[in-house]
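These numbers were taken from a predicted model, which means no experiment stands behind them.
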Amino acid sequence: MKPYVICLMHSSLDGRTHPSRWRPKGAGTDWFEKIHDELGGDAWVIGRVTGAEFAKGKPYPATNDAKLPRENWFARRDAKTYGIVLDAQGKIGWGRSDIGGDPIVVVLTESVPDSHLAGLRGEGVSYIFAGKSELDLALALDILSRELGVKRLLVEGGGVANGAFLRAGLIDEFNLILSPAIDGAEGAPFVFSSTEADSDKRVPITAMTLESTRELGGGVLLLRYLIKNDPQAASR
């Protein structure tokens, strides 16, 4: 059964997500973790680029070890919360097994080399397979639900990962922390984005309902929208 999926992001008024570029500086930038904790997910998910920012290691070296099966592998199944990272081609060498105490679970495609799987196992990093050469996000959610009991998932960027979940019709709710600041220049990522290959794909949203507006102080707002998707989207 698909988990309930909440996208949580923090942006400037022009939808940009790098606070270091915002002006005025420091506008409400301490709210993200507080709202993350309030939402209480069983797991949170980020994309490869964001995930690499947390990595402490280097890509795992190629080896001539025996082949490893393309089967889901879990170092732990008893965590309260898991940190899920989309890394389709196996680019990240972790050098750690958790982020903030949450065990890492990497979502891979079957095209990753055996040496990468061996590296993940050696560091105690769990992994699942969701697709041959491209990620199937609906399959990934199904595996997380069945294998780890994830019922409530927080999607937290970057923009390409958020956009992929949105285009797959998998996001049920969008929580936006909106700061009274402006980026105003090219080059910063947006809350939702895409790869060039997906740039013409429209999201299957049929309705959005503003469920609540909350003032967090200092001109910062928390906007909560419920999303209605085309019911066929996640099965395509």
Side-chain angles (χ1 to χ4, degrees), residues 4-41 43-55 81 83-87 92 99-100 102 137 152-229:
Y4 186 78
V5 179
I6 302 170
C7 181
L8 171 64
M9 289 298 288
H10 185 196
S11 84
S12 59
L13 293 177
D14 51 345
R16 305 303 185 95
T17 59
H18 273 188
S20 63
R21 296 166 48 112
W22 299 353
R23 297 298 182 272
K25 294 182 177 181
T29 53
D30 58 343
W31 276 104
F32 186 87
E33 291 299 329
K34 294 176 183 177
I35 302 303
H36 168 96
D37 291 342
E38 283 185 16
L39 290 172
W44 49 268
V45 61
I46 54 179
R48 181 185 62 80
V49 174
T50 304
E53 296 174 4
F54 291 97
T81 310
I84 315 300
V85 182
L86 308 179
D87 188 16
I92 302 175
I99 299 173
D102 298 337
L137 295 178
R152 190 173 174 89
L153 177 71
L154 306 182
V155 175
E156 298 180 337
V160 172
N162 294 343
F165 275 94
L166 200 67
R167 283 186 297 279
L170 296 171
I171 295 179
D172 302 296
E173 179 179 322
F174 177 40
N175 282 239
L176 177 64
I177 303 167
L178 192 60
S179 276
I182 299 289
D183 183 310
E186 290 293 324
F190 287 98
V191 172
F192 294 104
S193 188
S194 73
T195 62
E196 187 154 343
D198 289 332
S199 61
D200 290 332
K201 295 181 181 178
R202 302 276 71 84
V203 299
I205 294 175
T206 59
M208 291 184 67
T209 304
L210 180 60
E211 186 70 9
S212 64
T213 302
R214 177 177 159 195
E215 294 187 10
L216 300 178
V220 183
L221 297 177
L222 174 62
L223 307 178
R224 180 184 176 222
Y225 289 90
L226 300 184
I227 294 176
K228 184 177 180 181
N229 293 290

Between [X] and [Y], is there a donor-acceptor pair closer than 3.5 Å when you use the side chain of the first and the backbone of the second?
X: Arg21; Y: Ala185; answer: yes
X: Asn162; Y: Gly157; answer: yes
X: Thr81; Y: Asp102; answer: no
X: Asn175; Y: Leu222; answer: no
X: Asp14; Y: Gly184; answer: yes

Identify the heavy atoms of [X] and [Y] that sit nearest to each other, and give their distance.
X: Asp183; Y: Ala188; value: OD2-CB, 3.3 Å
X: Leu166; Y: Phe192; value: CD2-CD2, 3.7 Å
X: Leu154; Y: Leu39; value: CD2-CB, 4.0 Å
X: Glu156; Y: Ile46; value: O-CG2, 3.9 Å
X: Thr17; Y: Pro19; value: O-CD, 3.2 Å
X: Arg214; Y: Glu38; value: NH1-OE1, 2.8 Å

Looking at side-chain heavy atoms only, is the closest gap between [X] and [Y] below 4.5 Å?
X: Arg167; Y: Ser194; value: yes
X: Val160; Y: Val49; value: no
X: Leu8; Y: Ile177; value: yes
X: Ser179; Y: Val220; value: yes

Using 0.5 Å steps for rounding, measure from the [atom1] atom of [X] to the [atom2] atom of [Y].
X: His18; Y: His10; atom1: NE2; atom2: NE2; answer: 13.0 Å
X: Leu137; Y: Leu170; atom1: CG; atom2: CG; answer: 6.0 Å
X: Ile227; Y: Glu211; atom1: CD1; atom2: CD; answer: 12.5 Å
X: Asn229; Y: Thr206; atom1: CG; atom2: OG1; answer: 6.5 Å
X: Tyr4; Y: Ile171; atom1: OH; atom2: CD1; answer: 11.0 Å
X: Trp22; Y: Leu13; atom1: CH2; atom2: CG; answer: 9.0 Å

Practice item. Taking atom CZ of Arg16 as the centre, report whether more than 12 heavy atoms of other residues, nucleotides or ligands fall under 6.0 Å from it. Key: yes
Review point. How are the rings of Tyr225 and Phe174 set relative to one another: parallel (under 30°), tilted (30 to 60°) or perpendicular (over 60°)?
Key: parallel
**Study point:** Residue among Arg152, Arg224, Lys228 satisfying salt bridge (charged side-chain N to carboxylate O under 4.0 Å, His left out) with Glu173
**Key:** Arg224
